Q: 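Below is the structure I would like to discuss, written out as structure tokens.
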Amino acid sequence: MRLSQYPINTTKETPAEAEVLSHQLMLRAGMIRRVAAGIYDWLPMGLRVVRRVEQIIREEMNRAGALEILMPAVQPAELWQESGRWHEYGPELLRLKDRHDREFVVGPTHEEVVTDIARRELRSYRQLPVNFYQIQTKFRDEVRPRFGVMRGREFIMKDAYSFHADEASMAAGYAAMRAAYVRMFGRMQLNFRSVQADTGAIGGSASEEFQVLAESGEDAIAVSDGDDFAANIELAPAAAPAQARAAPSQPLERVTTPHMKTIADLSAFLAVPRERCLKTLLVDGAGGGVVALVLRGDHELNAVKAQKLQAVASPLRMASAAAVRAASGSEPGFVGPVDLKCSVYADHAALNMADFVCGANAPDLHLRGVNWGRDLPEPAAADLRNVVDGDPSPTGKGRLRIVRGIEVGHIFQLGRKYSQAMNATVLDESGQSVTMLMGCYGIGVTRIVAASIEQNHDERGIIWPDPLAPFHVVLIPLNLQKSAPVRAAADALYAVLTAAGIEVLYDDRDARPGVKFADAELLGIPHRLVLGERGLQAGSCEYRHRRATDNEDIPLDSVTGFIKAKLAG
RNA sequence: CGGGGCAUGGCGCAGUCUGGUAGCGCAUCUGCUUUGGGAGCAGAGGGUCGCAGGUUCAAAUCCUGCUGCCCCGACCA
């Protein structure tokens with residue numbers, strides 16, 4: 001591609017709309033432009049990267065035996081009513097009506113449509129297992145789109161759905177997809193971890209997320225430094241402390257704590273460390289009323305864990321101020337488990353505390369020197385908190401570290417959730433009708449582009465790994481407007497490299513060298529060739545990798561082989 | 001959805017408090033010079049100041065309402 005014929009606009013200044021680095025660089029490099037909140041144009045340079053990602057995904061999906069299909073973006077409401085998600089999905093589902101007033105959705109995912117395909121096309125267990133996938137545009141009306149294409153409302157996703165006659169086949173299909181994902185993210189040179197995950201709204205049993213590790217990631221992940229355990233923080237178990245609880249050593253006393261409503265205030269006011277204070281949260285109970293969840297003052301409630309308790313309403317809701325008053329006789333901020341009129345669940349760490357401080361269920365009063373068993377009944381024990389950095393790994397090996405991640409893939413064993421609701425069956429060996437089992441496997445294609453930039457950049461711009469680079473090589477001739485020999489040599493080199501199947505961005509613009517270098521670095525083309533009059537006289541051009549700081553002189557007649565070796569290695 | 005902020009040529013911003021002919025840098029176009037790290041000089045084009053009302057002799061500026069966008073929290077590829 002000749003850059004003189006490529007209408008690219010790079011900027012020195014960062015657009016004000018962008019907060020994270022990948023978003024800033026994508027805008028500055030002219031890869032994307034915003035059209036509306038969470039909705040973007042992909043310009044030529046950006047789309048080339050999207051296509052690279054798609055190509056790798058396609059190759060690995062095909063290698064794994066999956067079959068590519070294409071499903072509609074606009075789907076009839078009937079399918080969603082049949083699965084029940086017309087009512088479950090909420091405002092993230094974009095609904096619309098056609099001219100005849102019939103209802104449709106813009107697909108945020110395709111379980112319904114693919115299950116409809118399966119029930120119509122699949123008749124016999126002999127046709128199973130089968131895995132259909134597509135690479136297609138999704139729309140999710142996110143509450144808060146942000147970070148450019150990292151969390152857009154419209155985005156490109158690879159979604160795959162497998163159909164099975166039995167559990168063993170579903171597990172095998174899941175394992176095959178897991179292996180394919182490891183291969184593709186490896187080929188994309190992403191630094192990622194697969195982590196145990198909550199199945200969330202999509203439902204089903206086993207589930208893993210593929211998380212690209214990055215400071216800017218929106219997800220917190222707990223990874224063990226002792227083995228390969230990794231889990232989304234929502235799911236990582238917090239083990240009960242190993243040592244037994246200390247014996248009471250202080251008397252119970254009431255202390256006046258005017259306006260000390262938060263643990264931070266209380267801890268500072270009483271000069272008691274946060275981990276000696278008890279946090280009591282009242283949430284709505286499953287059968288009405290409230291339930292008390294008790295945590296150590298320095299720990300955070302984990303909503304996913306809490307709403308798994310039978311007694312707790314799901315989804316988790318904090319109790320209203322009125323309900324708090326009814327159960328505790330006090331305002332929020334002074335609630336404690338002593339003489340509380342509701343059931344109490346204590347996190348393992350909270351249960352391990354002795355001589356602690358907690359609310360006295362009376363305004364401006366707390367209790368000090370409180371002990372389980374002595375001053376109040378032993379509560380029910382539960383795992384209620386988020387794990388923190390340094391917690392022991394649940395596998396028993398090593399300690400957990402909390403890192404940030406960008407979720408680029410998610411795989412599920414769905415079971416019969418959709419096939420049952422939509423009556424997708426095949427005949428088994430004995431001629432009996434059986435409901436198929438399903439797996440589903442997503443990848444955020446456009447999100448990967450941003451995630452790769454998050455992991456590969458420097459102060460000058462993007463640094464593409466070879467497999468994702470929009471062009472392999474940038475060819476920069478110096479002073480080609482004045483020097484006919486340079487122009488001739490550059491044209492020739494461009495032709496030779498292109499003929500060899502190498503994708504070259506040929507910067508034949510009438511621009512100063514500094515401009516060309518700066519643009520090449522911002523765009524992140526991994527391999528750079530510079531052709532100047534000086535080198536030309538010696539029969540060579542200069543090579544430099546985007547990550548390198550020094551040039552290498554390469555004889556002009558061996559450039560093709562040299563670049564090919566670089567790309568192969 | 002709750003909280004905070006912004007809206008002025010393509011981009012980044014000043015001007016708004018204290019009303020009085022809309023400005024700067026970058027980018028773009030023309031010419032000359034320049035050419036190994038975002039050039040210099042000279043000239044040029046481009047803005048109903050987010051929208052709608054209102055106050056005023058006069059509104060980017062003051063008032064009211066609306067819209068869009070960004071950021072922080074609960075959800076997700």
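These figures come from a predicted structure and were not determined experimentally. Convention: sequence-line order gives letters A, B, ...; per-chain numbering from 1.
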Q: Would you mind telling me which of A/V387, A/V223, A/N386, A/I221 makes a side-chain contact (heavy atoms from CB on, under 4.5 Å) with A/I402?
A: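 Among the candidates, only A/V387 passes.
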
Q: Per the atom types in the model, does the base of B/rC75 pair as donor or acceptor with the side chain of A/R151 at under 3.5 Å?
A: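 Such a pair is found, so the answer is yes.
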
Q: Hey, does the side-chain of A/E17 have a donor or acceptor N/O within less than 3.5 Å of a partner on the base of B/rG12?
A: no

Q: Is the centre of the A/F185 ring less than 6.0 Å from the centre of the A/F210 ring?
A: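 Between A/F210 and A/F185, which both carry aromatic rings, the centre distance is below 6.0 Å.
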
Q: Check if the side chain of A/R544 and the base of B/rG36 share a donor-acceptor pair of N or O atoms closer than 3.5 Å.
A: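 Answer is no: no donor-acceptor pair is held.
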
Q: Say you pick atom C1' in B/rC41 and the same atom in B/rG23; how far apart are they, in whole Å?
A: 22 Å

Q: Is A/D491 paired with A/R2 through a side-chain N to carboxylate O contact shorter than 4.0 Å?
A: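 Salt bridge: yes.
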
Q: What is the separation between atom CD on A/E92 and atom P on B/rA74, rounded to the nearest whole Å?
A: 15 Å

Q: Taking 4.0 Å as the cut-off, does a side-chain nitrogen or oxygen of A/R144 come that near to OP1 or OP2 on B/rC72?
A: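 It does, given that an N or O in the side chain of A/R144 lies less than 4.0 Å from OP1 or OP2 of B/rC72.
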
Q: Would you confirm whether the ring centroid of A/Y441 sits within less than 6.0 angstrom of the ring centroid of A/F412?
A: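 Here the rings of A/Y441 and A/F412 have centres that are no less than 6.0 Å from each other.
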
Q: Which residue lies toward the 5' end of RNA chain B, A/V20 or A/R447, if each is placed at its nearest nucleotide?
A: A/V20

Q: Rounded to whole angstrom units, what separation is found between the CD1 atom of A/I233 and the P atom of B/rA74?
A: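 About 12 Å, once rounded to whole Å.
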
Q: Can you tell me how far C1' of B/rG37 sits from CZ of A/R460, to the nearest Å?
A: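 A/R460 atom CZ is separated from B/rG37 atom C1' by 8 Å.
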
Q: Is there a donor on the side chain of A/D519 or the base of B/rG38 sitting less than 3.5 Å from an acceptor on the other?
A: yes

Q: What is the nucleic acid contact for A/G30, judged by heavy atoms within less than 4.0 Å: base, sugar-phosphate only, or nothing?
A: nothing

Q: Over how many whole Å does the gap from A/E142 atom CD to B/rC76 atom P extend?
A: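 That distance rounds to 9 Å.
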
Q: For a quick test of reading the model: is some side-chain N or O of A/R512 closer than 4.0 Å to OP1 or OP2 of B/rA39?
A: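 So the side-chain polar atoms of A/R512 do come within 4.0 Å of the phosphate oxygens OP1 or OP2 of B/rA39, strictly under.
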
Q: Hey, is the side chain of A/R146 poking within less than 4.0 Å of OP1 or OP2 on B/rG73, counting only N and O atoms?
A: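 Yes, within the criterion.
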
Q: Round to the nearest Å and state the distance from A/D141 atom CG to B/rC76 atom C1'.
A: 13 Å

Q: Looking at the base of B/rC11, is there any donor atom on it, or on the side chain of A/N9, that sits under 3.5 Å from an acceptor on the other one?
A: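 Not at all, since no donor on one side and acceptor on the other fall under 3.5 Å apart.
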
Q: If we count only N and O atoms by modelled type, under 3.5 Å, do the side chains of A/N551 and A/R544 hold a donor and an acceptor together?
A: yes

Q: What is the separation between atom CD on A/E218 and atom C1' on B/rC71, rounded to the nearest whole Å?
A: 13 Å

Q: When all nucleic acid strands are considered with a 4.0 Å heavy-atom cut-off, which category describes A/D159: base, sugar-phosphate, or nothing?
A: nothing

Q: Determine if A/F517 stacks with B/rG36; use a centre-to-centre distance below 5.5 Å and an interplanar angle below 30° as the criteria.
A: no

Q: At 4.0 Å (heavy atoms only), tell me whether A/V408 reaches a base, stays on the sugar-phosphate, or touches nothing.
A: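 Sugar-phosphate contact only - A/V408 comes under 4.0 Å of backbone atoms but never of a base.
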
